[in-house]
Amino acid sequence: MSEPIRLKTPLTEEDVLKLKIGDSVLLTGKIYTARDAAHKRLFDLAEKGEPLPLDLKGQIIYYAGPAPAKPGYVIGPAGPTTSGRCDPYTPKLLEIGLKGMIGKGVRSKEVKDAMQKYKAVYFAATGGAAALIAKNIKAVKVVAYEDLGAEAIRELEVEDFPLIVANDAYGGDLYEEGMKKYRRE
Amino acid sequence: MREVEYNTVVETVARLCKEANYFLGDDVYNAIKNGLEKEESPVGKDILNQLLKNADIAKNEEIPICQDTGFAVIFLEHGADVRVKGDINQAITEGVAKGYTEGYLRKSILSDPVKGKNTNDNTPPIIYTTIVPGDKIKITVAPKGGGSENMSAVKMMTPADGIEGVKKFVIDTVVQASSNPCPPIVVGVGIGGNFEYVAFLAKKALLRNIGERNPDPFYADVERELLEKINNTGVGPMGLGGRITCLDVFIEVFPRHIASFPAAVNINCHAARHKSAVI
């Protein structure tokens, strides 16, 4: 595999445009967890044109709901959840400046189209590698919707979080291309 | 009649909830390791390596393999000549609450499917009880995550579809699931019975260890064939393309009504969690 690209958050359009599907990335900086319950709330605010509890411009959302932290740990295991459940809300968030998403699984056509239109990138993290991923998380704080428990929005400070570019801003889709490449009749 | 203390059930279930979530089975660990040799995709290899490293960390530090520590699904084989002092279902529920709370496992259960709030202790569990001869109770805890469960399917096929129809249904379901169930997956297949029983068979199939074939050579061959065909789809680790999509396929069958031919596919993620104890 090629040398990983080192990226820092927040992302600029230039950062996004240099990424292509299959690229291996090590991400450092602040990212925000949100699952579908939090997405619904963000979406409803954005639809009404009301301010969000956090500014999404240039930011990355990580689809994740961590397990509780054991004493002495920053966070419990925190792998990606299925991204598709956030698809209905995602184009709106991309429209208001979200630049990146981390999760697992294929995205809808609407999300892929919006990623091209607003120049955004979707990274795959390894589902189920939650204990390993937690090692890359250096700090955590709840920034919104504490009542949602595991589904609250958390700010995570990550260091060298290993990711693969699954969908790029050019319409590339590694889920489709990868499967085609390794398919045998 | 032999008697078992209520607390023995509570403690055993609590321990099994933790162990199932912390310790990847040796059979699964070795299957991923073997897969690493066959995987052709560099991204796929990298993912399989991450899964092994992840399993090592979880085991050494006694933390969950995955943050989705699942719905606690319990299989009971209850000997006819033994009784628990008290309500066994209550004891199991208490054990799940204790295991998930003490073990820092995620609480993922809502009290009502539509109007519910988090129950905050991962109860209730889903309990399947079978009465068997003897004076022992075998308890199996199989925590099941949402990502893989959501990709499972039941189909009321027609007898004319036959085994070829079942094979197509299994492969279509796996390809449709793509990366969502966290491949490399384990596939449980139920054939026969009726609408609800076939789903139970598919779930029960997931309790087998990797490499454990159906005792009927006919179905053992179908299991091998399906494994090969699934691994030829190219879905690969985490759906990003590759050779290793599936670690094993297990088929469980039951007699059927002459008019019906039900089939079910229950997909498990690469953690394939299940731990048992006999009390």
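Within every chain, numbering begins at 1; the chains are lettered A, B, ... in the order of the sequence lines, protein sequences first and strands thereafter.
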Heavy-atom pair with the smallest gap, counting every atom of A:Y182 and B:P42: OH-CD, 3.7 Å
Atom pair CD (A:E176) and OG (B:S178), whose distance is rounded to the nearest 0.5 Å: 9.5 Å
Rounded distance [0.5 Å steps], CD in B:Q67 versus CD1 in A:I75: 10.0 Å
Chain A contact via B:N180 - side chain, backbone, both or neither, heavy atoms under 4.5 Å: both
More than 12 heavy atoms from other groups under 6.0 Å of CD on A:E146: no
Among the listed options A:R85, A:E151, A:K135, the residue most often paired with chain B at heavy-atom distances under 4.5 Å: A:K135
Residue B:E212 excluded, over 12 heavy atoms near CD under 6.0 Å: yes
A:A130 to B:C66 - nearest heavy-atom pair and separation: CB-CA, 3.6 Å
Heavy-atom contact with chain A under 4.5 Å, split by part of B:D56: neither
Chain A contact via B:S41 - side chain, backbone, both or neither, heavy atoms under 4.5 Å: both
Region of A:A69 that comes under 4.5 Å of a non-hydrogen atom in chain B: backbone
Enclosure of A:K70 NZ (heavy-atom neighbours >12, cutoff 6.0 Å): yes
Neighbour count above 12 (heavy atom, 6.0 Å) for B:K168 NZ: no
For chain B, the option from A:P77, A:A67, A:G178 that forms the most heavy-atom pairs under 4.5 Å: A:P77
Which atoms of A:K180 approach chain B - backbone, side chain, both or neither, heavy atom under 4.5 Å: neither
Top contributor to chain A interface from B:R106, B:K107, B:K45, B:E62 [non-hydrogen pairs under 4.5 Å]: B:R106
Contact class of A:A125 relative to chain B, heavy atoms under 4.5 angstrom: backbone
Closest heavy-atom pair and its distance - B:C182, A:G128: SG-N, 4.3 Å
Value rounded to 0.5 Å, distance of CZ in A:R183 from CG in B:N232: 9.0 Å
Contact summary for A:P68 and B:Y104, nearest pair of heavy atoms: CD-O, 3.6 Å
Gap separating the CD1 atom of B:I47 from the CD1 atom of A:I164, nearest 0.5 angstrom: 6.0 Å
Which atoms of B:I65 approach chain A - backbone, side chain, both or neither, heavy atom under 4.5 Å: both
Greater than 12 external heavy atoms within 6.0 Å of A:E14's CD: no
Other residues, nucleotides, ligands: >12 heavy atoms within 6.0 Å of B:K167 NZ: yes
Most chain B-contacting option - heavy-atom pairs closer than 4.5 Å, from A:G105, A:A166, A:G79: A:G79
Least distance between heavy atoms, B:K53 atom then A:L132 atom: CD-CD1, 3.8 Å
CG (B:N60) with more than 12 external heavy atoms under 6.0 Å: yes
Contacting moiety of A:A78, where chain B heavy atoms sit under 4.5 Å: backbone
Minimal non-hydrogen separation, B:N54 against A:A129, with atom names: OD1-C, 3.0 Å
Spacing of B:N118 atom CG and A:D147 atom CG [to the nearest 0.5 Å]: 11.5 Å
Minimum side-chain heavy-atom gap B:L51-A:T126 below 4.5 Å: yes
